[in-house]
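What follows is one structure encoded as C-alpha cells, with my remarks underneath.
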Amino acid sequence: MPELPEVEVVRRGLERWVDGRTVGEVEVLHPRAVRRHPAGGADFAARLTGHRLGTARRRGKYLWIPLADSGFSVLGHLGMSGQLLVQPENAPDEKHLRIRVRFDDALGTELRFVDQRTFGGLSLHDNTPDGLPDVIAHIARDPLDPEFDDAAFQAALRLRRTTVKRALLDQSLISGVGNIYADEALWRARLHYERPTASLTRPRSAELLGHVRDVMNAALAAGGTSFDSLYVNVNGESGYFDRSLDAYGREDEPCRRCGTPMRRRPWMNRSSYFCPRCQRPPRAAAPVGVRA
DNA sequence: CCTGGGACCTGACCGC
DNA sequence: TGCGGTCAGGTCCCAG
C-alpha cells in the first residue's frame with residue numbers, strides 16, 4: 001500500500017532507531033517474506049547476523065540498509081501491506097509477523113517485518129558501484145531525488161505509446177508513484193487518467209511533474225496517508241494525509257474545485273478516481289501507430 | 001524492443 | 001450465520 005511518502009516516513013524511522021546497531025539474531029517466520037532472497041531464509045539469517053547496519057536509504061518505494069562493514073545491503077519492499085516496526089523485545093508478536101531482527105546491544109528493542117498479504121519482503125544483495133542493491137538497478141530515480149532528470153523524464157514520456165496514469169505507475173520511468181498519488185497529481189493537473197502520454201506538451205508534463213512533487217511533499221509533511229492501522233511508521237503511528245486527499249477514495253463526493261460528484265472507474269484491477277468535469281476524457285484519437 | 005493483462009496473497013465488507 | 005463476489009496503497013512475468 002505505501003507509496004513514496006509512506007516509505008520515506010519508514011526510512012526516517014529506521015535512520016533514527018536502528019542506524020549503527022549490530023544484528024544479533026534473525027528469525028524468518030514465513031518463506032514468502034524472503035522470496036526475493038534466492039538462497040532462502042536460513043541463508044538470509046546467517047549472512048545478516050553479526051553485521052552492523054548503516055544508514056537507511058530509499059529509491060521510490062524500495063528501502064535498503066547498507067551494511068556498514070560489507071559490500072551488500074538489506075533490501076526491503078513493503079508491498080501492499082508491509083510494516084517495519086521497532087518494538088520492545090517483550091511486545092507480543094503481531095499476527096502477521098514474518099521476520100524478526102534482534103540486536104546485539106542493550107537498547108531493548110528489535111526490528112520486525114509484519115505483512116498481512118506477503119507481497120513485500122526483505123532480501124540481501126550486493127551493491128552496485130553507486131551503492132544501489134543490484135536488483136533495483138532498473139528502478140528509476142524518484143521525483144524527490146535531487147538528481148531526477150526532469151527533461152529526460154518529459155522526453156521519455158512523449159515517446160511512450162501508453163496513457164498517462166500507466167506511465168506514472170511505471171517504476172522504470174519514474175519511481176515512488178502509486179495509485180493514490182497518481183490520482184491526486186492527475187486531479188491537480190486536470191488531466192484524465194487515459195490521456196495518451198504522446199499528447200502531453202512539455203509545459204503540461206512539467207506541470208504534472210510539479211503536482212506529483214507537491215502532493216508527495218505535502219503527504220510527507222503529514223506523516224503519510226493511512227486509512228487504517230495497516231500503514232504505520234516504525235512506531236506504529238498513522239499519518240493523516242488521508243484528510244487532505246482531493247481525488248482518491250472520494251466517489252460521489254463533490255469535486256473540491258467545481259462541486260461535480262467525483263467518479264470511480266475500474267482500472268487495471270483497481271480504481272481510478274477523477275472529476276468528470278475538470279478531467280475530461282481524451283477525444284477518441286486515430287489508433288496509435290497507424291501511419292498515413 | 002514495448003505494452004497490457006494476469007498472478008501472487010490475506011482479510012474486510014456487502015448483499016443475498 | 002454462511003457464502004460468494006468485490007475491493008485493497010504493488011511488482012513481476014509472460015504472451016502478443
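Basis for what follows: all heavy atoms, side chains included, without hydrogens, waters or symmetry-related copies. Chain A is the first sequence line, chain B the second, and so forth, proteins listed ahead of strands; every chain is numbered from 1. All values derive from a computational prediction rather than experimental measurement.
Every ring-ring contact (aromatic ring centres under 6.0 Å, His included) that A/His77 has, sequence neighbours left out, goes to A/Tyr62. Contacts of A/Asp105 classified as salt bridge (charged side-chain N to carboxylate O under 4.0 Å, His left out), with partners at least two apart in sequence or in another chain: A/Arg21. With sequence neighbours excluded, the residues satisfying ring-ring contact (aromatic ring centres under 6.0 Å, His included) with A/His51 are A/Phe72. With sequence neighbours excluded, the residues forming a salt bridge (charged side-chain N to carboxylate O under 4.0 Å, His left out) with A/Asp183 are A/Lys165, listed by chain and number. Not a single salt bridge (charged side-chain N to carboxylate O under 4.0 Å, His left out) links A/Arg188 to another residue, sequence neighbours left out. Considering only residues two or more places apart in sequence or on other chains, A/Glu94 meets the side-chain contact (heavy atoms from CB on, under 4.5 Å) condition with A/Leu85, A/Gln87, A/Leu97, A/Arg112, A/Val114. Here A/Arg202 pairs with A/Ala151, A/Gln154 under the side-chain contact (heavy atoms from CB on, under 4.5 Å) rule; sequence neighbours left out. Residues forming a salt bridge (charged side-chain N to carboxylate O under 4.0 Å, His left out) with A/Asp69 (at least two apart in sequence, or on another chain): none. Partners of A/Arg102 by side-chain contact (heavy atoms from CB on, under 4.5 Å), not counting sequence neighbours, listed by chain and number: A/Glu25, A/Glu27, A/Arg100, A/Glu110.
Contact annotation: A/Tyr248 reaches the phosphate of C/dG9 (side-chain N/O to OP1 or OP2, under 4.0 Å). Between A/Ser271 and C/dA8 there is a side-chain N or O to OP1 or OP2 distance below 4.0 Å. Neither OP1 nor OP2 of C/dC12 sits under 4.0 Å from any side-chain N or O of A/His77.
No side-chain heavy atom of A/Pro196 sits less than 4.5 Å from a side-chain heavy atom of A/Val164.
Protein chain A contacts DNA chain B from B/dT3 to B/dG11, reading 5' to 3' and using non-hydrogen atoms of the protein with a distance under 4.0 Å.
Taking every heavy atom of residues 260-270 of chain A and every atom of DNA chain C, pairs under 4.0 Å involve A/Arg264, A/Arg270, by number.
Following rounding to the nearest Å, A/Leu220 (CG) and C/dG9 (P) show an atom-to-atom distance of 20 Å. When the P atom of C/dT11 is taken as reference, atom CZ of A/Arg32 falls 14 Å away, rounded to whole Å. If you take CG of A/Leu168 and C1' of C/dT11, they are 17 Å apart, rounded to a whole angstrom. The nearest whole Å value for the distance from the CZ atom in A/Arg117 to the P atom in C/dG10 is 10 Å. For the pair A/Glu3 CD and C/dG10 C1', the interatomic distance rounds to 9 Å; values are reported in whole Å. A/Leu169 has its CG atom 13 Å from the P atom of C/dA8, to the nearest Å. Atom pair A/Gln83:CD and C/dG10:C1' shows a separation of 16 Å (rounding to whole Å applied). Going from atom CD of A/Gln171 over to atom C1' of C/dC12 covers 12 Å, rounded to whole Å.
Contacts of A/Arg36 with the nucleic acid, taken as non-hydrogen atoms under 4.0 Å apart, involve only primed sugar atoms and P, OP1 or OP2. Using a 4.0 Å heavy-atom criterion, one finds that A/Tyr62 contacts the sugar-phosphate atoms exclusively. Among the atoms of the strands shown, none is found under 4.0 Å from any heavy atom of A/His30. Counting non-hydrogen atoms under 4.0 angstrom, A/Arg166 reaches a base of the nucleic acid.
Going from the P atom of B/dA7 to that of C/dG5 covers 15 Å, rounded to whole Å. With P as the reference atom, B/dG6 and C/dT6 are 14 Å apart, rounded to whole Å.
Minimum interatomic distance between A/Glu8 and A/Leu220 (heavy atoms only, all atoms of both residues): CG-CD1, 3.6 Å.
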Using a 3.5 Å limit on both pairing distances, list the dot-bracket string of DNA chain C from the 5' end; Watson-Crick and G-U wobble pairs count, crossing pairs take [ ], interstrand pairs take |. .|||||||.|||||||
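By the 30° and 60° cut-offs, the orientation of the rings of A/Phe274 relative to A/His192 is perpendicular.
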